[in-house]
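As a basis for the values below, the full set of heavy atoms in this structure was taken, side chains included, without hydrogen atoms, waters or symmetry mates. The chains referred to below are lettered A, B, ... by the order of the sequence lines, with proteins before strands, and numbering in each begins at 1.
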2 protein chains.
Amino acid sequence: MNPGDDALALLRAELGDRVDTSPESLAAARADKSGHAASGQPIAVVHARDVADVQHTLRIASSTGTPVVTRGAGTGLAGGANAGHGEIALSVRGMDRILEVRPDDLLAVVEPGILNADLNAALEPYGLWWAPDPASRAISTVGGNIATGAGGLLCAKYGVVRDAVLGVDVVLADGRLLQLGHRTVKGVTGLDLTSLIIGSEGTLGVVVGATLKLRRLVPGEVCTIAATFPDVRTAAEASAAVTAAGAQPAIMELMDAASLAAVHSLLSLPAPTPGAAQLTIQTDGAAAVAEAEAIATVLRAAGGNVAVSRDRAEGERLLAIRRAMHPAMESLGTALIEDVSVPRSVLPAMFDEIARVEREHGIVIPTVAHAGDGNLHPNFIFAGEPDEFGVIEAPAHIWAAADDLFRAALRLGGTLTGEHGVGVLKRRWLADELGEDQWELQQQITRVFDPQGILNPGKVFAP
Amino acid sequence: MNPGDDALALLRAELGDRVDTSPESLAAARADKSGHAASGQPIAVVHARDVADVQHTLRIASSTGTPVVTRGAGTGLAGGANAGHGEIALSVRGMDRILEVRPDDLLAVVEPGILNADLNAALEPYGLWWAPDPASRAISTVGGNIATGAGGLLCAKYGVVRDAVLGVDVVLADGRLLQLGHRTVKGVTGLDLTSLIIGSEGTLGVVVGATLKLRRLVPGEVCTIAATFPDVRTAAEASAAVTAAGAQPAIMELMDAASLAAVHSLLSLPAPTPGAAQLTIQTDGAAAVAEAEAIATVLRAAGGNVAVSRDRAEGERLLAIRRAMHPAMESLGTALIEDVSVPRSVLPAMFDEIARVEREHGIVIPTVAHAGDGNLHPNFIFAGEPDEFGVIEAPAHIWAAADDLFRAALRLGGTLTGEHGVGVLKRRWLADELGEDQWELQQQITRVFDPQGILNPGKVFAP
C-alpha cells in the first residue's frame with residue numbers, strides 16, 4: 001500500500017464524488033501558469049463544495065499526516081499551488097458564491113472560488129467594485145488573490161488586496177473553522193490575523209470565505225495617455241517624474257522595446273520604433289482631465305512623444321497592448337515571469353540593472369512595469385523540451401540570471417515579489433530578504449497554525 | 001532584596017542616567033489617559049535614546065525575567081501602556097527623530113517617539129502628510145499610533161494606521177532587532193508581520209522605527225457642513241444615508257445632545273436646542289463643492305437643518321466643537337471613554353442600544369461617533385474618590401453598563417474597539433469577540449515572539 005492510500009480511502013468514504021483521481025485532473029493539479037510543475041502527482045483532487053467539505057478534508061489530512069495543497073483557478077505564477085507526490089489537491093474553485101452584497105456598508109461576503117472578474121460583474125449593477133485588479137482578473141479567483149496578496153495595475157491609487165479585505169474565514173490544518181477580522185471600517189480587537197493570512201500562500205489555513213471592502217465605481221471621465229520615449233531608461237525616469245510631481249494616475253504602465261516589439265508582432269500592428277519604450281497612463285475621477293494635462297506636461301519635459309485621449313474606447317485599445325504581454329511572451333518561447341518591486345525613485349536604476357543582466361548573461365529580458373508603484377515583471381525567455389506533462393523547467397543559466405536580478409532589486413531597497421508570491425520559485429532567496437532571524441520566526445508562526453506542517457509543505461519557506 | 005532589584009542594578013550599570021526612579025516618573029508611568037492605573041509602580045522608567053538602549057533594556061529584562069511595558073506619550077485610552085509593580089517602563093518618547101523623508105517615493109522613516117502632529121508639521125513643507133489623524137494627534141506618538149492601530153476622523157476616506165505603514169523595525173523580547181516590511185508600494189515576500197505588529201499593543205516587540213506611507217496634501221477647497229437634527233437617531237440615519245448615497249466625505253462626525261450640551265457649556269456658546277444632535281461633515285479634493293451640495297441634499301431629505309460653508313476658518317470653528325469633546329467630558333466628572341465600532345448601516349440601531357443602556361442602568365452616556373466609519377465613543381461619566389496617585393477607577397455599575405453596551409455592539413456585527421485597543425480595560429471581553437479558538441491561537445503567536453511572556457504581560461489577553 002502506498003502512503004496516500006489510507007487518506008484516499010478515507011476521502012472517498014467521506015466525500016464521495018468530490019474526490020477526483022482522473023489522470024487529467026491529477027496532471028493539471030501539478031502545475032500553475034508559472035511553467036513550473038511539482039514532482040510526481042497528487043493522490044487526489046478534492047472538489048470542495050462547501051466549508052464542511054474543506055473541514056472533512058483537513059481532518060482526514062491531519063489524522064493521516066497527508067499534505068494538502070489548496071488550489072483555486074491554477075493561475076499562480078510562483079508554483080505556490082502546485083500539488084505533487086503524495087499530496088491532496090484541495091480545490092475551492094467550486095465554492096464561488098456571493099453570499100452578501102451590502103452597498104450601505106460597502107462590503108461583500110464571498111466564497112473563495114469566485115473569479116475576480118465575475119465578482120466585479122456582479123457588483124457593477126450596485127455601482128460598486130472590488131479594487132484589486134491583477135492582470136489575470138478574468139481567470140483568477142478571489143481566494144487566489146488573497147492567498148498571494150495580489151496587486152495589479154491600479155494599486156498606487158486604489159491599493160492592493162491587503163487594503164481591500166476586512167475579514168476571512170479560515171479552516172485550520174486540524175479542521176477547525178476560525179472567523180478572522182470584522183465587518184467594520186475600523187477594528188483593532190486583538191492581533192490582525194486577517195492580514196497575516198493575506199499573502200500566506202496556503203501555509204496557514206484554507207480560506208473558505210472573505211468579507212471584502214468595496215469601493216463606489218469612480219464617476220467621471222477617464223483619460224488615457226500614450227507616451228513613447230527613445231529608450232527604456234528615459235521612460236522610467238519620466239514615470240518617476242510623474243510620481244515626484246505629485247500626480248496620482250490610476251494606471252501607469254511601462255513597456256520596454258522588446259515587450260513592445262513582441263506585442264506589436266502578436267497583434268499584427270506596425271512595428272514600433274526600434275529601442276523605443278512606452279508609458280500608458282490613465283487618470284480618472286473628478287480631476288481626470290486636469291491631471292492628464294499636468295502629466296502630459298511632465299512627460300513632454302522628460303522627452304516623451306505624448307498623445308492624450310478622452311475617449312474610453314481608445315483608452316481600452318491602448319491598454320490592450322499592455323494586456324497582450326503574456327500571450328506575446330508565450331509566442332517567443334517559455335517565459336519565467338519575474339516580479340520584483342522597487343521604490344519608485346530607483347525604477348531607472350533597476351532598468352539599468354536589467355540591461356546589465358541581459359549583457360552579462362547573454363539573454364533578452366523583455367520587461368513591463370507597473371511604473372506607478374515600482375513593480376517590474378522581467379520575462380526570462382527560454383527554450384527547452386517539455387516533460388511528460390508538457391512542462392518546461394527553466395534551465396540553470398536562466399536561474400543564474402534571475403538570481404543576479406533578484407539581488408540587484410534587494411540592493412536597491414526592493415523586494416523579491418510584489419504581487420505573485422514566493423511559492424516554490426523564489427523560496428531560495430527568501431532568507432536573503434527577510435534575514436535568518438525573521439525567516440525563522442515566520443516558520444515558527446506557521447507551526448502555530450499547522451503544527452504537523454501539512455499545509456502546502458515545501459512552499460515559501462522550504463529550502 | 002526585591003524581585004526587581006537585580007534588573008534595576010543591571011539597568012543602571014548599562015544605561016546610567018537613562019534609568020529614572022524619581023517618584024514622579026514612576027507614578028506617571030502607572031497611568032495613561034484612560035483614567036485607569038496599574039497596581040503598584042514600576043521599578044524604573046528607562047528613557048531610551050536609541051535602538052541600542054532598547055536592546056540593552058530587553059536583554060536585561062529577558063535575563064532577569066522582568067516584564068517590560070513600552071510607553072510613548074502616555075495618551076492611551078485602554079490602559080495598554082500602564083506599568084505596575086515589578087515592571088520596567090521603557091519610554092521611547094525621546095526617540096523622536098525623522099530619519100528620512102522621500103517625496104519621490106512617498107515615504108518617511110521615523111523613530112517611534114515623534115508626535116503625530118510634529119511629524120505632519122515637518123512633512124507639510126514637502127506637500128506631504130501622514131493620514132492617520134487620531135483626535136489625540138497633537139499629543140500622541142507615531143509609535144503609540146502603531147501600537148494601538150489608531151484611527152481618527154478621516155479614516156473612511158483616507159484609511160487607518162494599518163493602511164499607512166510600509167514597515168517597522170522591532171526589537172524582540174530577547175533584544176534582537178528585526179526589520180519587517182518594505183519600502184515599496186507592493187511587497188508580498190513572506191508573512192505580513194508588519195500588519196501583525198500594528199495594533200499588537202506592546203505584546204510582540206518594541207517598535208523602534210517605522211517606514212510610513214505618505215500622501216500628497218489634498219489640493220482644492222474644503223467644504224464644511226453643519227446639520228442639526230431633532231434627535232440622535234435621525235442624525236444617525238442621516239449619516240448612514242450619506243454613505244448609502246455614495247458620497248465619501250473626508251470627515252463625518254456625529255454628536256448627541258448630551259455631548260453638544262457639555263461642549264457648548266464648556267466653550268460658553270449658546271445652549272443648543274434640547275435633544276438635538278449634530279453632524280459635522282467635511283468634503284475635500286477636486287469635487288469638494290459638488291460633493292458638499294449632494295450631501296446637503298441627502299441631509300435635508302433626512303430632516304436636517306443644514307448649513308454649508310466654503311470658508312476654511314468657519315470649518316475649523318465648527319470642528320473645534322467636536323474637538324472639545326474630551327475636555328467637556330472631563331468637566332462633567334471622570335469619563336470612561338469607550339470605542340465600539342459597528343457597520344455603518346446599523347449606526348441608528350447602535351444609538352438605540354445606547355439609549356436602552358442609559359435607561360436600564362440609570363446613567364447618561366454622552367456619545368460622539370465617527371459616523372463616516374461607524375466608530376462610536378460613548379462616554380460613561382462617573383464620580384469617585386481619587387487614589388493616592390489621583391486615579392479614579394470606574395465603579396462596578398459603570399462596568400455593568402459598559403458590558404451591556406459591548407455585547408450590543410457585538411450582536412450588531414460590531415467590534416469592541418475600533419481604534420483605542422484592548423489594553424487592560426477590554427481584555428475580559430476579548431474572547432467573546434474572537435472566540436476561544438482564535439483567542440488561544442493569538443496567545444500562541446505572542447509566545448513565538450516572546451517565549452517568556454515579559455512583553456506587556458496582563459495586557460490584551462490576560463483575564
Side-chain angles (χ1 to χ4, degrees), chain A residues 102-105 127 148-149 151 155-156 160 162-163 176 178 180 182-193 195-196 198-200 216 240 243-244 246 248 286-287 341-345 373-375 413-419 421-422 430 433-435 437-438 441-442 444-445 448 460, chain B residues 102-105 127 148-149 151 155-156 160 162-163 176 178-180 182-193 195-196 198-200 216 240 243-244 246 248 286-287 341-345 373-375 413-419 421-422 430 433-434 437-438 441-442 444-445 448 460:
Chain A
R102 292 296 300 255
D104 48 0
D105 289 322
T148 54
C155 302
V160 294
R162 189 162 289 123
D163 304 310
R176 281 180 299 161
L178 294 188
L180 311 177
H182 39 84
R183 291 169 64 91
T184 50
V185 176
K186 294 173 177 166
V188 292
T189 304
L191 302 177
D192 181 9
L193 298 192
S195 293
L196 197 65
I198 295 169
S200 64
R216 304 275 172 196
T243 299
Q248 183 52 77
S341 206
V342 295
R344 287 165 281 193
S345 60
D373 58 50
N375 183 201
T415 181
L416 277 177
T417 170
E419 56 187 15
V422 174
L430 185 64
E433 179 169 338
L434 298 184
D437 283 348
Q438 190 187 163
L441 186 78
Q442 293 207 357
Q444 290 173 27
I445 293 169
V448 170
V460 187
Chain B
R102 292 295 301 254
D104 48 0
D105 288 324
T148 53
C155 302
V160 294
R162 188 161 289 123
D163 304 310
R176 281 179 297 161
L178 294 189
Q179 299 188 298
L180 311 177
H182 40 85
R183 289 169 64 90
T184 51
V185 176
K186 293 172 178 168
V188 293
T189 303
L191 302 177
D192 181 9
L193 299 191
S195 293
L196 197 66
I198 296 169
S200 64
R216 304 274 173 197
T243 299
Q248 184 53 76
S341 207
V342 295
R344 287 166 280 194
S345 60
D373 58 49
N375 182 201
T415 180
L416 276 176
T417 170
E419 56 186 13
V422 174
L430 185 62
E433 179 170 339
L434 298 184
D437 283 348
Q438 190 186 165
L441 185 78
Q442 294 207 357
Q444 290 173 27
I445 292 168
V448 170
V460 186

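The part of E433(A) that comes within reach of chain B is its side chain, from C-beta onward, which places non-hydrogen atoms under 4.5 angstrom from that chain. Looking at A240(B), neither its backbone nor its side chain comes within 4.5 Å of chain A, counting heavy atoms on both sides. With a 4.5 angstrom heavy-atom cutoff, R176(A) touches chain B only via side-chain atoms. Residue contact with chain B, scored on non-hydrogen atoms closer than 4.5 Å, involves the side chain of N375(A) exclusively. With a threshold of 4.5 angstrom between heavy atoms, R183(A) approaches chain B through its backbone and through its side chain. With a 4.5 angstrom heavy-atom cutoff, V160(A) touches chain B only via side-chain atoms.
Taking CG of L441(B) as the start and CG of L191(A) as the end, the distance is 9.0 Å to the nearest 0.5 Å. To the nearest 0.5 angstrom, Q442(A) atom CD is 9.5 Å from L178(B) atom CG. Between the OG1 atom in T415(B) and the NE2 atom in H182(A) there is a gap of 6.5 Å [rounded to 0.5 Å]. L196(B) contributes atom CG, which lies 7.5 Å from atom CG of D192(A) (distance to the nearest 0.5 angstrom). Here the CG atom belonging to D373(A) is positioned 8.5 Å from the OG1 atom belonging to T184(B), to the nearest 0.5 angstrom.
Side-chain atoms of D105(B) come within 3.5 Å of backbone atoms of R344(A) as a donor-acceptor pair (strictly under, hydrogens ignored). With hydrogens and angles ignored, the 3.5 Å screen pairs a side-chain donor or acceptor of Q438(A) with a backbone N or O of Q179(B).
Contact annotation: the side chain of K186(A) approaches that of C155(B) to within less than 4.5 Å [non-hydrogen atoms, C-beta and beyond].
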Side chain to side chain contact (heavy atoms under 4.5 Å, CB included) between I445(B) and L193(A), intermediate numbers included: CA-CA 10 Å; I445(B) 292 168; L193(A) 298 192; 3.6 Å; yes
Yes or no on side chain to side chain donor-acceptor pair (under 3.5 Å) for S195(A) and R162(B), after CA distance, side-chain angles and deciding distance? CA-CA 10 Å; S195(A) 293; R162(B) 188 161 289 123; 4.5 Å; no
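Residues D104(A) and S345(B) approach most closely at OD2-CB, 3.2 Å, considering heavy atoms.
Checking T189(B) against T417(A) by side-chain atom types alone, no donor-acceptor pair falls below 3.5 Å.
Counting heavy-atom pairs closer than 4.5 Å to chain B, the top residue among L180(A), D437(A), L434(A), V460(A) is D437(A).
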